Engineer: 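Can you keep this structure in mind? I'll have questions shortly.
Per chain, numbering begins at 1; letters A, B, ... match sequence-line order. If you're wondering where the values come from, they're calculated on a predicted model, not measured in any experiment.
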Amino acid sequence: MEAQSILERIKNIIGEADLVWVDDQPGDPYLVIPKEKLRRLAINMKGDPHLAFDTLMCLSGVHNMGEQDEMEVVYHLYSLRHRHQFILKVKLDRPAFFPHFYLRVDSVSGIWPAAAWMEREVYDMFGIHFVGHDDFRRLLLPPDWEGHPLQKDYQEPDAYRGIATTREEIEGVLAEESG
Amino acid sequence: MLLTTETMVLNMGPHHPSTHGVLRFILRTDGEVIHLCRPDIGYLHRGLEKIAEQLPYAHFMPYTDRLDYLAAMNCNLGYAITVEQAADIEVPPRAEYIRVLVAELNRIISHLISVGTFAMDIGAVTPFTHTIREREWVNDLFEELCGARLTYNYIRFGGVVFDLPEGFLDRLSHFLDYFEPRLEQYNRFISKNKIFKERLVGVAVISRQQALDYALVGPNLRASGIDWDLRRDEPYSVYGDLEFDVPIGTSEFGVMGDCYTRYWIRIWEMEQSVRILRQCIAKMPEGPYLNKSKRKLKVEPGEIYVRTEAPRGELGFYLISQGGIRPHRLKIRTGSFSAMSIVEELGSGLMVADLVALIASLDVVAPEVDR
């Protein structure tokens with residue numbers, strides 16, 4: 001199915017309101033949906049025999065700090081049965097106060113099990129919480145790591161458990177040792 | 001009398017000979033049987049995606065070598081194609097053929113390591129010495145081509161950095177003439193070996209549905225019987241002009257999707273790579289090998305997701321540009337990552353020794369999992 005006809009089908013499922021279709025950019029077009037509709041749409045996209053998106057190719061987080069401080073979760077879906085693809089996006093506001101209350105989106109790990117680890121990685125790197133995830137922890141970084149490194153305003157700590165992380169710090173320690 | 005057993009928590013790794021890099025598994029075992037298997041990854045996390053955001057596009061190329069050091073050419077190629085598509089760079093035909101040539105050569109040596117370490121992991125040490133001998137020859141060829149033996153940094157936006165040296169194609173076909181019969185020999189002493197077969201047939205079966213659910217890619221997906229190869233189904237570079245078959249797992253040897261099928265897929269893929277390489281040698285066009293038109297690279301705002309078929313399956317680069325000389329975001333989706341995520345599900349119920357076979361058969365490379 002072409003992206004346009006997939007879009008029409010999606011409109012039948014979740015209605016036309018609040019959907020933003022972006023097709024004026026060099027890559028493939030994508031659809032921005034409100035986060036409340038994500039779970040319902042995801043279930044239908046996998047279950048509908050005409051859509052049958054059986055694989056989640058890629059799930060990524062993005063942080064934009066332009067005019068507005070916002071985060072995105074991007075779902076690249078592919079259907080091996082029909083050989084078509086579609087890109088979904090969910091945008092989340094990141095206010096200055098209590099951002100973790102706002103950076104929440106429904107988990108799709110029950111629908112595509114591959115999402116389980118991908119969502120954990122996005123949490124690890126961006127601090128986005130996925131609600132309804134079975135085993136929600138950091139994935140790559142140690143559990144007591146502070147901050148989420150792929151946020152654009154991330155400040156790298158000087159040390160982790162007393163181990164220096166910056167070069168100046170290490171050189172300082174070396175200089176002290178030599179004496 | 002009622003016998004009671006106790007479960008025990010066993011820590012496997014991070015430094016374990018079978019973990020192909022630094023991986024750790026937390027196992028809850030009852031005797032030899034695993035009740036719960038929890039992979040703990042991240043020991044090789046280098047923050048490649050963060051580094052990419054801070055470097056100009058061309059400067060990130062050497063980092064893609066380190067993404068999967070057993071298949072550096074394929075990672076180079078995937079990244080180069082992504083940026084070329086985003087920035088509209090044309091590639092001359094000779095460069096396209098050279099790229100496919102090095103990518104397939106790299107696929108062969110990556111699968112050689114996979115096959116060799118697979119045998120080694122389950123206790124047969126000798127095959128590894130054989131496969132690494134063949135790999136050495138290819139490493140010499142690559143060294144001649146670009147001066148590096150492991151991390152090549154050979155592919156550039158718009159072509160490749162050096163032309164093929166004189167006589168390279170002759171030496172390559174000499175290698176292929178030597179290598180093709182060797183594959184038959186591997187089959188004689190590893191693949192059809194009775195002990196090897198008994199050890200692997202029916203172990204850790206991944207069903208079609210599980211393979212789809214966990215988004216497995218590449219040889220692991222095909223071993224579960226799904227006919228999907230990006231080189232054939234969404235051809236990039238010059239794969240559309242080349243003839244090759246896509247090997248699919250069968251239940252000929254026992255069960256489809258078990259460790260043994262995954263092993264065979266790699267042997268068959270090496271045969272096909274030899275076929276592609278011979279066609280590349282025959283068809284290699286003359287002409288320029290690098291399009292030097294765009295020296296100062298800027299990418300228009302927009303986003304693009306490009307995937308290529310690396311030895312460990314689909315390698316996807318999701319590039320978002322906001323204009324300028326650096327990417328706004330570069331997400332790297334690798335085959336080993338999804339292969340690793342299925343271990344958690346498949347691991348429970350296996351014997352501890354079979355877990356080793358499972359990891360080896362999935363051909364997981366730790367730096368590609370952690371990035």
Engineer: With a 4.5 angstrom heavy-atom cut-off, could you sort out which part of B:Ile226 is near chain A: side chain, backbone, both or neither?
Structural biologist: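 Contact with chain A: side chain only.
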Engineer: Need one label for A:Val22: side chain, backbone, both or neither, based on atoms under 4.5 Å from any heavy atom in chain B.
Structural biologist: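 Neither part.
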Engineer: If you tally heavy-atom pairs under 4.5 Å against chain B, which of A:Pro113, A:Ala114, A:Ala116 wins?
Structural biologist: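 So the answer, after comparing A:Pro113, A:Ala114, A:Ala116, is A:Pro113.
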Engineer: In terms of heavy-atom proximity below 4.5 Å to chain B, should A:Leu139 be classed as side chain, backbone, both, or neither?
Structural biologist: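 Both backbone and side chain of A:Leu139 come within 4.5 Å of chain B.
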Engineer: May I have a list of the donor-acceptor pairs under 3.5 Å that connect chain B with chain A?
Structural biologist:
unit_1	atom_1	unit_2	atom_2	d
B:Lys50	NZ	A:Pro149	O	2.8
B:Lys50	NZ	A:Gln151	O	3.3
B:Glu53	OE1	A:Lys152	NZ	3.1
B:Asp213	O	A:Ala114	N	3.0
B:Asp213	OD1	A:Lys46	NZ	3.4
B:Asp227	O	A:Arg83	NH2	3.1
B:Glu303	N	A:Gln25	OE1	2.7
B:Glu303	O	A:Gly27	N	3.4
B:Glu303	OE1	A:Lys89	NZ	2.7
B:His328	O	A:Lys152	NZ	2.7
B:His328	NE2	A:His63	O	3.1
B:His328	NE2	A:Asn64	OD1	2.7
B:Arg329	NE	A:Gly61	O	2.5
B:Arg329	NH2	A:Gly61	O	3.2
B:Lys331	NZ	A:Glu121	OE1	3.4
B:Arg333	NE	A:Met57	O	2.5
B:Arg333	NH2	A:Met57	O	3.4
B:Glu344	OE1	A:Trp117	NE1	3.0
B:Arg371	NH1	A:Glu121	OE2	3.3
B:Arg371	NH2	A:Glu121	OE1	3.1
B:Arg371	NH2	A:Glu121	OE2	3.4

Engineer: Please flag which part of B:Ile320 lies under 4.5 Å from any non-hydrogen atom of chain A: side chain, backbone, both or neither.
Structural biologist: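 Only the side chain of B:Ile320 comes within 4.5 Å of chain A.
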Engineer: Under 4.5 Å heavy-atom distance to chain B, tell me which part of A:Leu150 shows up: side chain, backbone, both or neither.
Structural biologist: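 Both backbone and side chain of A:Leu150 come within 4.5 Å of chain B.
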Engineer: Select one option (side chain, backbone, both, neither) describing which atoms of A:Leu59 are under 4.5 Å from chain B's heavy atoms.
Structural biologist: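 When you check distances to chain B, only backbone atoms of A:Leu59 fall under 4.5 Å.
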Engineer: By a 4.5 Å heavy-atom criterion (distance strictly below it), what part of A:Met125 contacts chain B: side chain, backbone, both, or neither?
Structural biologist: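 Just its side chain gets close to chain B.
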Engineer: Under 4.5 Å from any heavy atom of chain B, what part of A:Pro149 do you find: side chain, backbone, both or neither?
Structural biologist: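 For A:Pro149, backbone heavy atoms alone lie under 4.5 Å from chain B.
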Engineer: Among the options B:Ala215, B:Gly47, B:Ala86, pick out the one with the most heavy-atom pairs lying under 4.5 Å from chain A.
Structural biologist: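 The candidate making the most pairs under 4.5 Å is B:Ala215.
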